[in-house]
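Residue numbering restarts at 1 for every chain, and letters A, B, ... go by the order of the sequence lines.
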Amino acid sequence: MEMEPEAVSTLGHTPLPQEFYLRADVLQVARELLGKVLITDLEGGRTAGLITEVEAYRAPDDRACHAYGNRRTRRTEVMFQAGGRAYIYLCYGIHHLFNVVTGPEGMAHAVLIRAVEPMEGLGIMLERRGMRDLSPALTTGPGALAQALGLHTSQTGYSLLGPGAQIRVEDTGRRPAGADIAAGARIGMTSAGECAAWEWRFWLRGSPYVKSGGRR
DNA sequence: CGAATGATCGGCT
DNA sequence: GCCGATCATTCGA
């Protein structure tokens with residue numbers, strides 16, 4: 001199959017400013033990331049997707065957060081940096097999970113991007129995923145989306161700021177209405193105690209690009 | 001140094 | 001639904 005030239009788009013010019021990420025309310029930042037566009041200019045070319053599902057993680061009180069209790073290790077150190085960087089780690093030895101670091105320096109907050117709706121670089125995403133046809137599975141689920149966008153643990157710490165950032169998030173100018181945002185418990189909270197019930201997972205209601213059907 | 005753990009996915013039943 | 005893949009990170013000895 002021959003690749004069509006990418007449609008002319010407004011993408012690639014205006015990443016979200018650092019002020020967006022610096023806010024102390026990670027739940028608000030998480031909700032506002034819905035409907036934004038995650039763009040990567042990495043090996044293989046540009047890929048981009050509309051963010052449809054996220055989860056918030058917040059030290060020190062959130063047991064599910066890697067930096068629970070403000071625990072600093074080499075891995076979690078990036079979460080304590082000022083908002084606007086990538087935190088990417090390996091899960092189950094296989095999946096590279098992409099998070100956006102938020103909050104001011106010293107506050108270890110992050111938003112896990114769980115799913116996007118493909119916007120640019122469809123052919124590249126299919127190739128990276130080893131898939132032939134477009135389906136929600138291409139970019140639904142944190143491991144799947146990271147693979148489709150070429151994200152890798154080696155990019156942890158990358159700045160998302162400035163027009164030259166290889167990984168960045170941009171505004172579409174449109175914001176989903178509050179009624180279009182659903183909330184529920186985060187996925188995979190096996191031993192997070194009370195935190196497991198916190199409804200810190202947010203998604204665009206009705207989007208086919210949401211894991212677990214998007215209940216509620 | 002060894003061992004357990006996990007914010008998952010895809011294939012199989 | 002269940003299960004196996006597969007490895008960086010962390011912690012305890």
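- Distances were taken from every side-chain heavy atom of Leu90(A) (C-beta onward) to each of dT6(C), dC7(C), dT10(C); the shortest belongs to dC7(C).
- The residue Arg129(A) sits close only to the backbone: its heavy atoms come under 4.0 Å of sugar-phosphate atoms, none of a base.
- Looking at which nucleotide of DNA chain B each of Ala64(A) and Met131(A) is closest to, the 5′-most match is held by Ala64(A).
- The aromatic ring centroids of His96(A) and Tyr89(A) lie 6.0 Å or more from each other.
- For the pair Arg201(A) and Trp203(A), the cation-pi test (distance below 6.0 Å, angle within 45°) is passed.
- The shortest side-chain heavy-atom distance between Gln81(A) and Glu105(A) does not fall under the 4.5 Å cut-off.
- Protein chain A touches strand DNA chain B; the 5'-most and 3'-most nucleotides with an atom under 4.0 angstrom of its non-hydrogen atoms are dG6(B) to dG10(B).
- Contacts of Ala137(A) with the nucleic acid, taken as non-hydrogen atoms under 4.0 Å apart, are absent.
- Separating the NE2 atom of His95(A) from the C1' atom of dT9(C) is a distance of 17 Å, rounded to the nearest angstrom.
- In this structure, Arg85(A) forms no cation-pi arrangement with Tyr87(A), as its terminal cationic atom is not both closer than 6.0 Å to the ring centre and no more than 45° off the ring axis.
- When the side-chain nitrogen and oxygen atoms of Arg75(A) are compared with OP1 and OP2 of dT10(C), one or more of them lie within a distance under 4.0 Å.
- Comparing dA8(C) with dG10(B), their C1' atoms sit 22 Å apart, to the nearest whole Å.
- Electrostatic pairing of Glu77(A) and Arg72(A) counts as a salt bridge here, judged by a charged N lying under 4.0 Å from a carboxylate O.
- Going from atom CZ of Arg71(A) over to atom P of dT9(C) covers 13 Å, rounded to whole Å.
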Using Watson-Crick and G-U wobble pairs with both distances under 3.5 Å, what is the 5'-to-3' dot-bracket string of DNA chain B, with [ ] for crossing pairs and | for pairs outside the strand? ||||||.|||||.

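- A cation-pi contact links Arg186(A) to Tyr57(A), judged by a cut-off of 6.0 Å to the six-membered ring centre and 45° from its axis.
- Remark: Arg114(A) engages Glu55(A) in a salt bridge, criterion side-chain N to carboxylate O under 4.0 Å.
- The closest side-chain heavy-atom distance from Phe80(A) to Val101(A) is not below 4.5 Å.
- Taking atom OH on Tyr87(A) and atom P on dA8(C), their separation rounds to 14 Å, with Å as the unit.
- Salt-bridge check for Asp180(A) with Arg175(A): failed, with every basic side-chain N at 4.0 Å or more from each acidic carboxylate O.
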